[in-house]
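This structure is in structure tokens; I'll ask about it shortly.
We name chains A, B, ... by the order of the sequence lines, and we start the count at 1 in each one.
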Amino acid sequence: MTRTRTWVAACMLLGCSAAWAQETGYTLRETEVKAKPFLDAQSVGKLPEKAQVTILGRQGGWSQIRADKVEGWIRLLSMRLGSADPAKKPTAVATTIGFGRRGTGAGPTVTTGVRGFSEEDLKEAKPNPEEVKKMETFTIPPAGAAQFAAAGGLTAQTVSYVDADGKPVKVKK
Amino acid sequence: MNARLLLCAVVLVGAVGIVAGCAGPQGQAFMDNIGGVEGLMKNIKQATGTIQEPEEIEMGEGITETLLGARPMVNDPEVQRYVNFVGAWVAAQSDRPNLPWHFAVNDSDHVNAFAAPGGYIIVTKGMMNLLQNEAELAGVLGHEIGHVVRKHHLNAIRKGAYMNLLGAGAAGATAGSRGGELVNALVGPTKELYSRGLDKDDEFDADRIGVVLATRAGYDPWGLAAALQTLAKIKADDKYMALLFKTHPNPSDRLDKLGTAMGTTFDRFNDRPQNADRFQRAVAKIRMVAAN
Ligand SMILES: [Zn+2]
């Protein structure tokens, strides 16, 4: 078992929701830091634009962060993941997913060839009716879906669609 | 309605492919049926309304045959069942709860997800590896369900650009079953549409629908935003992202638009479940980890 795998397992046992690596991010604009993930929570500080933060977790639309001098909650969409410094090499999928996470500086170590779905793969595709038939066998009836939802602590909510400005759109349902 | 008539109807809407689409012997019969070119033009408007749900589903099935032809499903019944549970529950909150919704994880390392008319939705194994919890998956599936509910792909295929391809496919289709003919005709448009992508506005629209459907389903509303945050940190030329980045607006723009659309309206659901444990268990067997 690889170290990454063990790490993932430990992470699952402890119930940490973020990726196993320490996630970092940066603010897009001047951002207020709150003591709790609520709009009316007490403010514990302010971060300037492009302040580097360490992500500790997320609740709904709030990210729990630690910065140089302050720790607390900022709006999820007032930040982006990664580094504010464009010179820092951006993240690759391989490292995000984990199969490049060896820390050797070498590229991703994928044992089998890449199973792509590139434009080329699409161009060369031949229709595969058997796969569609197979896909159709997994279909879940409505009662089954409701049971699955209940088992996951999910209860249906009434919410309107919203337009681009966030105004409610008439609900058809 | 047989497939040939459906094809002709679809082609007619685009007006571009009238000759190409209906030039075969059967097409000629169809033309005679509705009374020559003048009649055809008159029927273009009516044809818009003729793609009923069964035909839409048939088209979706044909498109999906090509999409799964590019990469088949991943061989893990558990994860297939799981995405169908999540997908069916989210789709049940949509305006088209009675479509026969089908979901699949394909065996692709690339990060992407696809929707086809009639309720066929595919998520790649790469995408499943990038997501962190069920709320994120619900948001991603909600986005795809949004494309189906709003008939984005169906409408795109009706537009002129795909009509010649559809017509050519129909004319070149060899005799066979009705379904086979339709699939043949759809191969060209499918490849073109799914490598070119939809209009940006359709994508932003699908993002907003995805958020609302996931919220209605009882999830943390910010799952799609969190997934887009992960996508946003990945370099633009990453080969695993190439097709997704080509066919969708860039993730940072999508996040900006979602931020405006979501505002604080969804905050009352901030404490709803993300179901990370159930998600991690479901994807355990398709984890992409180097074996050394
Ligand atoms: Zn989309």
Side-chain angles (χ1 to χ4, degrees), chain A residues 2 4-5 12 15 17 19 37 39 58-61 76-77 80-82 90-93 96-99 102 109-111 114-119 121-123 125-129 131-132 134-136 138-140 142 145 148-149 152-157 159 161-162 164-166 172-173, chain B residues 61 64-66 68-73 80-81 84-85 88-89 92 95 102 104 107-112 124 129-130 183 191 194-195 208 212 215-218 220 222 225 229 232-235 238 240-243 255 259-261 263 265 267 270 273 275-276 278 280 288-292:
Chain A
T2 66
T4 310
R5 232 181 237 282
M12 282 166 64
S17 66
L39 282 178
R58 176 175 77 81
Q59 192 192 334
L76 172 68
L77 296 184
R80 292 286 184 270
L81 299 178
T91 317
V93 167
T96 307
I97 286 176
F99 51 74
R102 279 298 94 85
T109 351
V110 187
T111 46
V114 173
R115 297 187 166 113
F117 195 111
S118 64
E119 216 175 321
D121 298 316
L122 186 56
K123 209 169 277 171
K126 302 252 184 309
N128 187 340
E131 279 297 298
V132 176
K134 197 164 117 193
M135 178 176 180
E136 287 167 351
F138 287 101
T139 303
I140 303 291
F148 172 83
L154 304 166
T155 39
Q157 308 290 335
V159 194
Y161 286 123
V162 289
D165 300 320
K172 261 176 144 185
K173 203 174 130 72
Chain B
E61 195 171 19
T64 308
E65 286 185 17
T66 294
L68 286 177
R71 289 302 311 166
M73 294 165 71
Q80 302 296 355
R81 260 193 297 277
N84 274 279
F85 272 123
W89 175 241
D95 311 66
H102 311 290
D107 192 9
S108 166
D109 301 341
H110 288 190
V111 176
N112 217 334
T124 65
N129 271 267
L130 214 61
V183 169
K191 292 179 177 181
Y194 286 82
S195 53
R208 295 194 301 273
V212 170
T215 309
R216 285 183 190 168
D220 160 25
W222 300 86
Q229 287 271 24
K233 76 175 171 180
I234 292 163
K235 58 189 174 122
D238 191 291
Y240 293 93
M241 304 295 305
L243 190 55
L255 284 167
T260 305
T265 317
D267 277 22
N270 272 353
N275 288 354
R278 187 157 80 168
Q280 295 297 342
M288 290 153 64
V289 180
N292 65 344

Nearest heavy-atom pair of His110(B) and Ser118(A): which atoms, and what distance?
->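 Answer, listing the atom of His110(B) first, then Ser118(A): ND1-N, 3.7 Å.
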Between Glu136(A) and Glu61(B), is a side chain to side chain contact (heavy atoms under 4.5 Å, CB included) present by the stated rule, with each step listed?
-> CA-CA 10 Å; Glu136(A) 287 167 351; Glu61(B) 195 171 19; 3.2 Å; yes
Spacing of Thr91(A) atom OG1 and Lys233(B) atom NZ [to the nearest 0.5 Å] =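 These two atoms lie 5.5 Å from each other.
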Can you tell me how far CZ of Arg216(B) sits from OH of Tyr161(A), rounded to the nearest 0.5 angstrom?
->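 Interatomic distance, Tyr161(A) OH to Arg216(B) CZ, rounded to 0.5 Å: 4.5 Å.
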By a 4.5 Å heavy-atom criterion (distance strictly below it), what part of Arg278(B) contacts chain A: side chain, backbone, both, or neither?
->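 For Arg278(B), side-chain heavy atoms alone lie under 4.5 Å from chain A.
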Not counting sequence neighbours, which residues clear side-chain contact (heavy atoms from CB on, under 4.5 Å) with Ala156(A)? List them please.
->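 If we apply the side-chain contact (heavy atoms from CB on, under 4.5 Å) test to Ala156(A), skipping adjacent residues, the hits are Trp89(B), Gln93(B).
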When Thr215(B), Thr64(B), Ile234(B), Asn275(B) are compared by non-hydrogen pairs under 4.5 Å with chain A, the top option |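 Option with the top pair count is Ile234(B).
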What is the minimum heavy-atom distance between Lys235(B) and Ala92(A), and which atoms define it?
->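 Heavy atoms only, the tightest pair is CE-CB, 3.8 Å.
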Look at Gly218(B), Gly259(B), Ala70(B) and state which one has the largest set of heavy-atom pairs under 4.5 Å with chain A.
->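 The residue among Gly218(B), Gly259(B), Ala70(B) with the greatest pair count is Ala70(B).
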Contacting moiety of Ala242(B), where chain A heavy atoms sit under 4.5 Å =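 Neither part; nothing is under 4.5 Å.
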Taking Asn112(B), Val111(B), Leu130(B), Asp220(B) one by one, which has the highest count of heavy-atom pairs under 4.5 Å against chain A?
->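 Winner by heavy-atom pair count: Asp220(B).
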Side-chain donor or acceptor of Asp109(B) paired with backbone N/O of Arg115(A) under 3.5 Å =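 It does hold such a pair.
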Euclidean distance, Thr66(B) OG1 relative to Lys123(A) NZ, rounded to 0.5 Å =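 Nearest 0.5 Å value for the NZ-OG1 distance: 14.5 Å.
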Chain B contacts, top residue of Gly153(A), Pro37(A), Gly116(A) (heavy-atom pairs, under 4.5 Å) |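 Option with the greatest count: Gly116(A).
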Taking only residues two or more places apart in sequence or in another chain, which ones pass salt bridge (Lys or Arg N to Asp or Glu O under 4.0 Å) with Asp238(B)?
->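 Counting only residues at least two positions away or on another chain, Asp238(B) forms no salt bridge (Lys or Arg N to Asp or Glu O under 4.0 Å).
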In terms of heavy-atom pairs under 4.5 Å, which option from Ala217(B), Ala232(B), Gly263(B) contacts chain A the most?
->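 If we count pairs closer than 4.5 Å to chain A, Ala217(B) comes out on top.
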Contact winner vs chain B - Asp121(A), Asp165(A), Thr139(A), heavy-atom pairs under 4.5 Å =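 So the answer, after comparing Asp121(A), Asp165(A), Thr139(A), is Thr139(A).
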N/O donor-acceptor pair under 3.5 Å between Glu131(A) side chain and Met73(B) backbone =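 Yes, the answer is positive, given that a donor and an acceptor are paired below the 3.5 Å cut-off.
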Spatial distance of atom OG1 (Thr124(B)) from atom CZ (Phe117(A)) [nearest 0.5 Å] =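 Taking OG1 in Thr124(B) and CZ in Phe117(A), the distance rounds to 9.0 Å.
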For Asp267(B), is it the side chain, the backbone, both or neither that has a heavy atom under 4.5 Å from a heavy atom of chain A?
->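 Looking at Asp267(B), just its side chain touches chain A.
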Taking the side chain as C-beta and beyond, is there a heavy-atom pair between Leu68(B) and Lys134(A) under 4.5 Å?
->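 No, too far: nothing below the 4.5 Å cut-off.
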Examine whether an atom of Pro142(A) lies under 4.5 Å from a heavy atom of chain B, and if so say whether it belongs to the side chain, the backbone or both; otherwise answer neither.
->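 Pro142(A) has no heavy atom closer than 4.5 Å to chain B.
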Residue, of Leu255(B), Leu243(B), Thr260(B), that accumulates the most heavy atom pairs under 4.5 Å with chain A |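 Ranked by heavy-atom pairs under 4.5 Å with chain A, first place is Leu255(B).
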So, Lys191(B) side chain and Glu119(A) main chain: donor-acceptor pair closer than 3.5 Å or not?
->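 Judged by distance alone, no pair lies under 3.5 Å.
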Separation between CH2 of Trp222(B) and CG of Leu76(A), rounded to the nearest 0.5 Å |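 So the CH2 of Trp222(B) and the CG of Leu76(A) are separated by 6.5 Å.
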Inter-residue atom distance Gln229(B).CD - Arg58(A).CZ, 0.5 Å rounding |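 So the gap between those two atoms works out to 9.0 Å.
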